[in-house]
Every structure is written in C-alpha cells, then in structure tokens.
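Report on one structure; see the data block that follows.
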Protein chains: 2
Amino acid sequence: MQILAGDRAPVMADVARVAGVSQQTVSRVLNERPNVRPATRVRVLEAIRELGYRPNAAARTLVTRRTNTLGVISFNTTLYGPASMLYAIEQAAKQHDYFVTVAALAAMDRRSVFEAVERLRDQAVEGIIGIAPQTAAVKILAAMPAGVPLVAVGCGVHAALSAVAVDNEAGAERATSYLLDLGHRTVHHLAGPRTWLDAQEREAGWRRALTARGAATPEPFPGGDWSARTGYELGRRIVADQSVTAVFCANDHLALGLIRALQAAGRHVPDQVSVIGFDDIPDAEFFGPALTTVRQDFDELGRRALLALIRSIGSTGSTGSTGSTGSTGSTGSAGSIGSIGSTGPAGATGGGARGSTARAANPVAVVNPTLVVRASTARPRH
Amino acid sequence: MQILAGDRAPVMADVARVAGVSQQTVSRVLNERPNVRPATRVRVLEAIRELGYRPNAAARTLVTRRTNTLGVISFNTTLYGPASMLYAIEQAAKQHDYFVTVAALAAMDRRSVFEAVERLRDQAVEGIIGIAPQTAAVKILAAMPAGVPLVAVGCGVHAALSAVAVDNEAGAERATSYLLDLGHRTVHHLAGPRTWLDAQEREAGWRRALTARGAATPEPFPGGDWSARTGYELGRRIVADQSVTAVFCANDHLALGLIRALQAAGRHVPDQVSVIGFDDIPDAEFFGPALTTVRQDFDELGRRALLALIRSIGSTGSTGSTGSTGSTGSTGSAGSIGSIGSTGPAGATGGGARGSTARAANPVAVVNPTLVVRASTARPRH
DNA sequence: GCCCCGGATGTTTGCGCTAACAATCGTCAG
DNA sequence: CTGACGATTGTTAGCGCAAACATCCGGGGC
C-alpha cells in the first residue's frame, strides 16, 4: 500500500513497481521459474539491484515450509575431532545451500540433549547432525522422537539411528597387532572415558587383537577424559609397572601425557616402552618422539554425515514429488540439490518413505582409519 | 478453516479451539503478556501440551522482524583458539535466547568474506561476530556495509569496527621481558603468518620489549602458518645459529615444532635454548619440556564478543522502545533478555540511536593474556 | 441506579512471499 | 479467417503469527 519507500527495506512489491511488472513475476525471476521473457527477467534483476532488494527468508519459509537450515549438536567443539567435523559439515552444507546452526550441549545428560534438540526444532531446522560420541548421547538421540531427520556422526553404530562412523575397533586392532608384530609380549591400554563409544570400541578392538594373538590381556587403565593431563596421571601409575613395554592409548592427547610421565620416570620411548595413539592430530608428528597413531579422516566423516542427512531430508519432504520445487534457487547451485534429491530417495529408502518421519535404521557409512607409523614405537629390547 | 487435524502440525488456531479461546489469547499466553487470567493461561498451556504445539518461528519472524539468530564468521574453526571462541559464543548466545549460525570462509579474500556476510544476511541474522584474526579479514569486514551490527573478535583494534581483542602486544612483551630477565642477551622470534593480526601484534610486542631493554633485535623467522610443522622447519634453520639462546614463538604449535627441531639437533631445551609459546593450549603443559607460554582466555573473549553484539543489536532495534516486546518468551529465560534490552541502549549509546545501523566505532573490550611459566625456559648458561 | 474505568478476551488486519488459478497475447493448423 | 494452444503475465488466496482496535464484563464513585 505504501507508495513512499519510507526507510523500510524494499520488498518484492517495490521491485515489481520499479520493474513495471507484477509481484509474482519478480517471484518467478527469483525462483528461476521457466516462462519469463529474458527482457522481463533483466528488468526485474536490474530493479532488484537498484533497490538493493533482499528476499525475506521468513516469508519464504512461511509458505514453502523450508528453512534450508540444518542443526549440529555437539558436546565439545573444542576437541580436534568434533571441531574438524563441524568445520567439514559447514563447508559441505554451504555447497548444498544449507545453513548450519550449532547447539552445544551444556552437559552430557538426557535433559541437555533434549533441550538442544528442542532448541533446534524451535528454529525449524530441516535435519540434525549429532556429533555426540558418548554412549549416553547416542542412546538419548536414538530414543528421541526427533520429528526431523537425524544423523549421528562418529558415534559407532546404533540401531534406529542413522550414523556415519569410524571403525574404531578395526583401528585399535590394527594398532595393537602392529605392536605385537614388533615383538611385544602384550600391549597395555590407556583407555578413554568409558562414557564415550569411541573409547569402548577402541578398547574392544584392543582386546580382540590380544585375544586373537593369544596374548595376555592386562587390565586397561581407565581414563576420565581425553586430555594429556589424564594421560600423565595414569602414566604415573603405569611407570610403576616395569613389565609394560607397549601401550595403546585411546587418543593422541593421552599418549602425549603418558610419554611425558614415562620420560619423567626415566623410561625411554620407544626403546623401553612403545606408545601408540589414536586420531593423528596435527601435532602428533611433532611429539617427542613422533607419535605412531591411527589416523581418522574427520573431514570425510563430516562430509558423509551431511550427505546422509540431506538424502534423508530429501526422502522425507512430501513436496519433493514435483521435482521442480527442488530448486529454491538462491545462488545457483541448484544442480547439486537436484542430484541429491533425485538419487537419495531411490538409493536409500527405496522411495517407500512411509508417511512418518524417515530415519533410516541402519548405519549410513563407515570410514576406515589408517595406521601411521612414527618413532614412538619400536621392537622391545629383550 | 480446517476442522480436521489432517496430519499437519498444529497451529495456534488449533490450540485456541481446544482451549476454547481465541487465537490471540494463545498468542498472549505464549508471549507472556499481562492480562490473561491464570485459569485461561492454564487451559491454553494444557492445550499446547496436548497437541504438541510448537510455534512457527518463520511466522513469528515475519511479523516481529526478529530472527533471534546471530551469525559467526570464521576462517578455520579447527584451530584451538577459534574453536574455543565459537564454543563460548554459542554457550553465551543460548543464555540470551539466540541461535548461532556459522559461516566458514572458503578462502581468505574479499570475495569469500563478502559471500559469508551475504549468506548470513540472507538468513536474516540480527548480528554478526567475525572470528577473523587476519589483517585482510578485518579490513574487509570493516569496509563492508554490513547492514547489521558487526563485532570482530580476537583481531586487534580497528577503527570503524567494534572489536573484542586480546592485548597480544602486551603478552608478547611480557614473554620477551621474562626471557631477558632470565639473563638472555636477546630473544629470537619465530613469527606467525604475517597475514594475521595476532602475529603482527606479537611480533610488535617482542620488538618493543627488546628495544625497551636495549637488546639487539634479530631478524624474526617468518612463519607461513601456525602449525608445528612450520615450527619444525623454521627450527632447522634456527639450530644453525649457535648464538640463539631464547626463542619467543608466536603460538604453542610453532613452539612444539621448534623444540623438536632443537632436540633433533642435539640442543637441550631449556638448558641451551629457552622456548616460549603463546595461547596455552591444553597440551602445552605436557610438551617435553612443559611449555612456558602466554595464556589467552578464549572463553572470555567469546563471551564478551557476544555481549557486545547483543548490546549493539539492542541499540539498533527500533522496536525496543516499548520494553514489553523484549520478552519473546519461548523457553522462559525472558529475564535475561529483558535485562539486556533495557540496560543495553541506555548504557551504550545513550538511547540516541540515530536511525542508521549502529556500529560502534571503538573497541569494546580488551582482554589481557597472562604468562604461564613452565620448564621450557631457564637462565642461559654463560 | 447510572456511568465510567480497566482487566480480559475477541476480531480484524497485514507481515512478504509463493501456489493456484485467471487473463492476455501471439501463432499456427485447419 | 478462426479457434485452439502455449508462452507469458496478472490476480487472488493464504501460510501462522502478533499488533491494533473492538468488545465485553464487573466493580466502584456519585
């Protein structure tokens, strides 16, 4: 109604007036609909530029019911792994024209997870990625009637929850076997926090390797967290045991602390004790000595999780049938959206998406870690 | 109009019907407006619970023009500092009922920064925090007609850009002075990437300390990035110079690499060469030897940046005058919003908010780093 | 007893956009 | 030359919500 552009941000009607077309035609141009004469399109685009018009996302969302926003739940994005995954997720999301909203968990309990999910749903995210490697978090997430597609990443495989996981067990087994191959009678384990699935799986892999090779299975040293400090403190207990010649640590930070404790006690690494870590953080190569470790490809994990989620969203969205609605066309990478939208439903859930909110009950992908051998491991001296 | 709840998510009208009130009354209850009889409120809340009603954020945004969303631009959230700040920002945002959307920079150039800002503005964020410590990023951000409140964090002080900064120069000066106090004739510097303000400021602080004490100022070793690998490679050049007895590194990772290079060359740390870092990452204490470093309080930085941004938003928002609109009351922490909304405008800009988008031209806060002395530094042997 | 006032609630309107339908224009087969 | 058809554009309706205004009701001052 207002004729004067009284300081308010321009809206579509303003653009329409300037371009001399109807508001709907402006909408068509913006959404890259067919059947707009090139000349008209140009006029509209010029008007948009002239006015500095910017579409109102809320209004569009209100009618299309699409927010183009994904949520990421994470417990502690300060750790290298989660930070890397978050980063990779955002990068990938951008390419698919999605926004990423983060929700950090205040604490690791049902209430916090619930609140985080609620928070994201309040913002109407189209899907959620949970970077929550703790057992508790996974359980809670799996039990949560999310109402939106949900993918967990780096948290093992759990029924009723789509997941992109690292094969921690295989990695741990490989690391342990490697130490046994070097001639160690057995391998001790400095475990991660028992509440984390990664910790559990790595311990399981370590046990399996020892059992398979007929080696004794010493009591693992239970870690409280993933920090170097903990590694150091447990290390002081480990040094008391002269029979320890090889230790598989649940992550690199623990290994760092352990190495320090060993050295403080006058034990040489690797000549007297071999140490192996997990993750291959960038610093690991420069520990003294350089750390043999199991590398995880966090970027790949993040990327795959995102793809899995988008596929899941594609198969949920009831508006997907027309196909043309796939191109929300804001910046132009509609092609990639289309490809996901079209291959997703066919490949994943068989197109049968039964009304209810889809949440594939199977793991989506498993990424394999690789052993990186460096100076912190060596043949034992007998 | 629809009588049957045909599978669609319930809307306010559905709640109203169930509660036997008008839709507007439901709205009043949700927004914690006065003048609703307690009994009515209870009926409405029960209906909400019964239906599992969830307010539609887009619709609310459309009419209130508030998205309750903030954007965070960051170049690399994998690094410890940025990751910590992002984490702190999210935690603080949650308490003030804001969502946080992240936008990672694809590359460090004008175009990428511009795109990130545009991306966030497309999503109608109410304000932006830039974690962009590079000189280039700051310049671009400062020059950008953001259209929304913008606060930079950890990026020095720049006119025309609100900023929450660490006093890198003071920290570097302190570290350098400390080494001089120990008796070192001079202190060498392993610099960070020149494109980062932090690197520049730390180098400046180092220079200033040397000059102030009348010590020689050797050519700094220019770092390409912040990694241990770079520290190691530069370290191999440093070991060639037997006169080096103390090195101030621009961050902890560089220091780690340097220490490794020194040890590989048979130089003892700290007996022959003292090394000092910057940041105090959690691992630093467990480097071999434990690293003396300058601690930054990233959490505090993030928190302050968020507060500065919210204050800035408060002084921009034209709807703030009524006061009652401050409580968008979704989860109940309306109190904190109210306090910000009311103290912000008064305390910051004196209530005179002159129409145009506010962007305070002055630094908002400076956080002081502290020296943490550990084993990697010692008196030189003469 | 009448009027006025303020608390409680209802009704109407419009935020900016897209979907669905309607209208217009030119073109081409018959 | 006419009618139909497709390409292009316009018109109307409504997404879910909150603001503004209207209405209703009970109680107190006179």
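Sequence lines set the chain letters: A, B, ... in the order given, protein chains first and strands last, and positions in each chain run from 1. Since this is a predicted model, take the numbers as computed values, not measurements.
- Residues B/Y53 and B/V18 are not in side-chain contact: their nearest non-hydrogen atoms beyond the backbone lie 4.5 Å or more apart.
- Computed from coordinates, the B/R66 CZ to D/dC17 C1' distance equals 16 Å when rounded to whole Å.
- Closest contact between the side chain of B/T64 and the listed nucleotides C/dG16, D/dC17, D/dA18 involves D/dA18.
- The pair A/R119-A/E115 fails the salt-bridge criterion, with no side-chain N (NZ, NE, NH1 or NH2) lying under 4.0 Å from an Asp/Glu carboxylate O.
- Ion pairing between a basic and an acidic side chain is recognised when a charged N comes within 4.0 Å of a carboxylate O; A/R17 and A/D14 show such pairing.
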Sequence neighbours left out, cut at 3.5 Å: what donor-acceptor pairs do the side chains of residues 20-29 of chain B make with other protein atoms?
{"from": "B/S22", "atom 1": "OG", "to": "B/Q24", "atom 2": "N", "distance (Å)": "3.4"}
{"from": "B/S22", "atom 1": "OG", "to": "B/T25", "atom 2": "N", "distance (Å)": "3.3"}
{"from": "B/S22", "atom 1": "OG", "to": "B/T25", "atom 2": "OG1", "distance (Å)": "3.3"}
{"from": "B/S27", "atom 1": "OG", "to": "B/N31", "atom 2": "ND2", "distance (Å)": "3.4"}

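- The nearest whole Å value for the distance from the CZ atom in A/R54 to the P atom in C/dG16 is 15 Å.
- Here D/dC15 presents its P atom at 13 Å from CG of B/L62, a figure rounded to the nearest Å.
- For the pair A/R17 CZ and C/dG16 C1', the interatomic distance rounds to 14 Å; values are reported in whole Å.
- Between A/V125 and A/T69 the shortest side-chain heavy-atom distance falls below 4.5 Å.
- For D/dA18, the OP1/OP2 oxygens have a side-chain nitrogen or oxygen of B/R60 closer than 4.0 Å.
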Kindly list each side-chain donor-acceptor pair under 3.5 angstrom involving residues 100-107 of chain A, sequence neighbours excluded, with atom names and distances?
{"from": "A/T101", "atom 1": "OG1", "to": "A/Q123", "atom 2": "OE1", "distance (Å)": "3.1"}
{"from": "A/T101", "atom 1": "OG1", "to": "B/T101", "atom 2": "OG1", "distance (Å)": "3.1"}

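- Side chain of A/E126 to backbone of A/L70: no donor-acceptor contact under 3.5 angstrom is found.
- When the side chain to side chain contact (heavy atoms under 4.5 Å, CB included) test is applied to A/R37, the partners found at least two apart in sequence or on another chain are A/T40.
- Helix-axis bend for the helix from C/dG1-D/dC30 to C/dG30-D/dC1: the local axis fitted to the five terminal pairs at one end deviates from that at the other end by 50°, rounded to 10°.
- At D/dG16, one or more side-chain N or O atoms of A/R65 fall inside 4.0 Å of OP1 or OP2 (strictly under the cut-off).
- Applying the side-chain hydrogen bond (donor to acceptor under 3.5 Å, both in side chains) test to A/R110 and every residue at least two apart in sequence or in another chain returns nothing.
- Between A/N56 and C/dC15 there is no side-chain polar atom (N or O) within less than 4.0 angstrom of OP1 or OP2.
- Atoms CG (A/D122) and P (D/dG16) sit 17 Å apart, rounded to a whole Å.
- The interatomic distance linking B/D14 (CG) with D/dC17 (C1') rounds to 13 Å, in whole Å.
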Seminar exercise, completed: Protein heavy-atom contacts under 4.0 Å, written 5' to 3' over nucleotides 7-13 of chain D as B (base), S (sugar-phosphate only) or - (none), form the string -BBBB--
